[in-house]
Structures are given as structure tokens and as C-alpha cells.
Trainee: 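Below: one structure in C-alpha cells.
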Amino acid sequence: RDCEGACTKLDEDILDIPLDDPDANAAAAKIQASFRGHMTRKKIKGGEIERKSKDAECTNSTRVGDLRNGD
């Protein structure tokens, strides 16, 4: 990344992070794991809401017999 006069202080700080520092790598791993967990929980929560709405549609249908019991 080349900052020719357009770099902000934040950009310079980001460029100064040593990528071979074990502490920086450990911190990055924790941040990434936390984010992946957040996305997984968000996905699971969305799936539960979707599944509940589908279950409600099934119970409100006019079909005769229960497919789960083979009727």
C-alpha cells in the first residue's frame, strides 16, 4: 500500500503493525474467532426465526394427515 501524502494517522498506524509479532498474531486470531462466532450465532438465530415461521405455516395449512407420522 503506497500512501503518497494521502495517508491519515490511522493508515500510518495500520502500516506500522509488525505482521511477524506473535502478540499481534494472537490478537488477530482472537478477533477473527470472535467475529466468526458472531456470524455463526447470527446465522443460527436467523435460521430459527425462518424455521418457526415455516412451522407456523405448516400448522395453519388445510392438509389432512401428518406427514411426520406417515399419514
Trainee: Could you give the side-chain donor-acceptor pairs of residues 31-43 under 3.5 Å, partners two or more places apart or in another chain?
Mentor:
unit_1	atom_1	unit_2	atom_2	d
Thr40	OG1	Arg36	O	2.9
Arg41	NH1	Gly37	O	3.3

Trainee: Please name the pair of heavy atoms, one in Asp20 and one in Asn25, separated by the smallest distance, quoted to 0.1 Å.
Mentor: C-ND2, 4.3 Å
Trainee: The criterion is side-chain contact (heavy atoms from CB on, under 4.5 Å); which residues satisfy it with Asp21, sequence neighbours excluded?
Mentor: Pro18, Asp23, Ala24
